[in-house]
Amino acid sequence: MKEIKYFLLKLIDVTALNFLEPVVRLCYGEEPKVQLEKIGLYILVPMVAFVAFLGLWWGVADNIMTKSGKVPTPPVVWHEASSMWSQHLAAREQRADFYKKQEVRVAELEQKLAQLETPQFEQRLEKTKADLEKLEAENSPRAKSKRAVYESMASQVSNLEAQIENAKTAQYAGAPTYIDQIILSLKTVFFGFAIATAIALPIGILCGISRVFMAAMTPLISLFKPVSPIVWLPICGIIVGAYINADNSSLPPAFISSAITVALCSLWPTLVNTALGVASIDKDHINVARVLRLGFWSRMFKIIIPSSLPLIFTGLRISLGVGWMVLIAAELLATNPGLGKFVWDAFQNGSSQTFAQMFVAVFTVGIIGLLLDRIMVIFQRAVSFDNAQAMAI
Amino acid sequence: MSFFELRHVDKSYGNGKDKTQVLDDVNLKIEENEFVAIVGFSGSGKTTLLSLMAGLIEPTNGAVTMQGKPLKGPGPDRGVIFQSYSLLPWLSVFGNIELAVKQVFPQFSRAERRAHIEKYIDMVHLTDASWKRPRELSGGMRQRVAIARALAMQPEMLLMDEPFGALDALTRGTLQEEVIKIWEEQRRTVLMITNDVDEAVLMADRIIALTPGPEATLGKSFDVHLERPRDPATLNFSDEYKHIRNEISHYLMDLNTESKKLKIPTHDLPLPDIRPKVFATA
Ligand SMILES: Nc1ncnc2c1ncn2[C@@H]1O[C@H](COP(=O)(O)OP(=O)(O)OP(=O)(O)O)[C@@H](O)[C@H]1O
Ligand SMILES: [Mg+2]
């Protein structure tokens, strides 16, 4: 029993879901009064606040009239969300159906091909070919009709092969569902985040270890940090458009320019925190490296980076948050398929149903942002060696 | 030429008005395999002196030489036990020692390295805590890790900055014995900084006092001729032990009072030259 309790508490600590801790402790009858107080504070109060918020929303929404009808109330939004979910499920079923039919068709065609390509057929084909060559060499008038026979036989096979190839590569062409759009958005944000990290980490480390480099970078950082995604996006769009063609690239230009915009806006927190982490490394740790005469790379990977990891992850966490926020705006402007474009299309449509869909998008963005943040907190905790540092949010 | 020498070493921090001279004209000669203890008051510049010898800082004036050659920065030939332990908090006890051992003995095989590290962990009685991180250890345990790390490097010279400061009397005793044992077996040159005269007399061949700062310098030097091995239990009854102990203690006490006398009270502000004036007219 005790072990389960410690396991649960450890799990809660690792996943940073601290509000669950009093629940576990209460289940084990540990100071019930204190735990109840904590549950009240960390679970009950937030729930009451949320319910109050829903009530307020309901009351206000009922009284606002727009071109797209009334502002959707919580039940309307909930209904819309569940219908979007069932649409998604239906679309998935259709897709599964499509691929199942495709499989059947491919199997049929392959069977036909197998039936056709018997040894006898092969022999006949060979023989016809030999005859044809002979006739042609003799310049016989029968060569023409022989050629027609040969070609029709050969084309039977190649036709079937082409059909199989077609059937195999055919893609389901249904419209992307809401969930597909979310996945697309996540792909874009992670691609942008990866670019941001790849740029920010090395530059941040260099800033931290070299005062000259820091002095050189400071004006650039201060200059570009406050620039809004709305400015970066068209610039990126033009530059990316100059190099990448929409038709023959595996990654659409809108995707790339959205990702780069995300990167440009979200690399700053990582850069600044990395530089701070590296620059503020404990002098004692440096002394250890000096006494051991660690080389540059050992010093980098065994002392400098581990000691600044907590701050690096703080930066990464903020960056991912910023990136997610920026992404929606970037997608909206770049019409890159994803949540941003979904909101834009809903706005263009202007019906009361799409109005409710926009509200669903608001909550989706919020919940996914929250989840991304939680994931980063877990990483942050895993790398921090100092508890106090991990607690600071 | 001695094994290790400091000649006319000055050390000051800061510039201009903020300049504080910590060490003034320090001269010290240490012979090979000698065990020297430096006793001094808090804040007098003991750590500064040790950092100079480790090569972590450079003297403002003067020269520091080892085997006749001027020091070129710090190096693993001078193992340092830092006063603040200087453990890497993201590494376990084992990991902290491993980092040093890997660097100093790159020729070790994996198994040899492991055995070597474990030997020193056992020596400081931390076998059960090998996989703990420094933050899960008490102050004394951390200090023991720092000792084990420095010893595992098997340096030519060991520089120890109050290495037993945070330990309880019992652990302190065993570790003092361990360090002496290693020193006797492997014959290393040792410089130990301490504020405990008993500890100095128990362990060292020679004890040198550092005068109180600022502008601290090395004072009188006392040779300890007590026979080794020295047993702390019976030492208390030795006349020579009592004698040298009292001599050093008195010397330090005199230094302290002297330095207090030297301090000129700065709050002795001159009074303004104002005299009562009689306004009444005759
Ligand atoms: N990096 C530094 N910059 C400026 N002043 C310093 C620096 N390091 C030490 N000092 C000063 O030098 C003096 C001696 O410091 P040091 O750490 O050597 O003393 P200590 O004898 O080791 O003290 P303790 O017994 O407390 O360890 C102190 O007055 C301190 O303020
Ligand atoms: Mg000190």
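Residue numbering restarts at 1 for every chain, and letters A, B, ... go by the order of the sequence lines.
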Honestly, is R187(B) close enough over W183(B), meaning NZ or CZ under 6.0 Å from the six-membered ring centre and within 45° of the axis?
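Yes, R187(B) sits over the ring of W183(B).
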I303(A), part contacting chain B, at a heavy-atom distance under 4.5 Å
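Contact with chain B involves both backbone and side-chain atoms of I303(A).
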Measure I286(A) against the heavy atoms of chain B and call it side chain, backbone, both or neither at under 4.5 Å.
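Contact with chain B involves no heavy atom of I286(A) at all.
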Pairs meeting criterion ring pair (Phe, Tyr, Trp, His ring centres under 6.0 Å) with involvement of residues 116-143 of chain B, two or more places apart
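Pairs touching residues 116-143 of chain B that pass the test: F94(B)-W131(B), F105(B)-H116(B), F108(B)-H116(B), H116(B)-Y120(B).
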Under a 3.5 Å threshold, yes or no: a donor from one side chain and an acceptor from the other, between R25(A) and Q35(A)?
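Looking only at side-chain atoms, Q35(A) and R25(A) do not form any donor-acceptor pair under 3.5 Å.
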CD of E58(B): more than 12 outside heavy atoms within 6.0 angstrom?
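No, the 6.0 Å shell around CD holds no more than 12 heavy atoms from other groups.
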Please flag which part of L87(B) lies under 4.5 Å from any non-hydrogen atom of chain A: side chain, backbone, both or neither.
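For L87(B), the backbone is the part near chain A, not the side chain.
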So for A54(B), is it side chain, backbone, both, or neither that comes closer than 4.5 Å to the heavy atoms of chain A?
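For A54(B), no heavy atom lies under 4.5 Å from chain A.
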Output the option from P155(B), G55(B), P134(B), P89(B) having the highest count of non-hydrogen pairs under 4.5 Å with chain A.
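Most pairs with chain A among the choices: P89(B).
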For residues 183-209 of chain A, tabulate all N or O donor-acceptor pairs below 3.5 Å that involve a side-chain atom, not counting sequence neighbours.
from	atom 1	to	atom 2	distance (Å)
S185(A)	OG	Q181(A)	O	3.4
S185(A)	OG	E331(A)	OE1	2.9
S185(A)	OG	E331(A)	OE2	3.1
S185(A)	OG	L339(A)	N	2.7
T188(A)	OG1	L184(A)	O	2.8
T197(A)	OG1	F193(A)	O	2.7

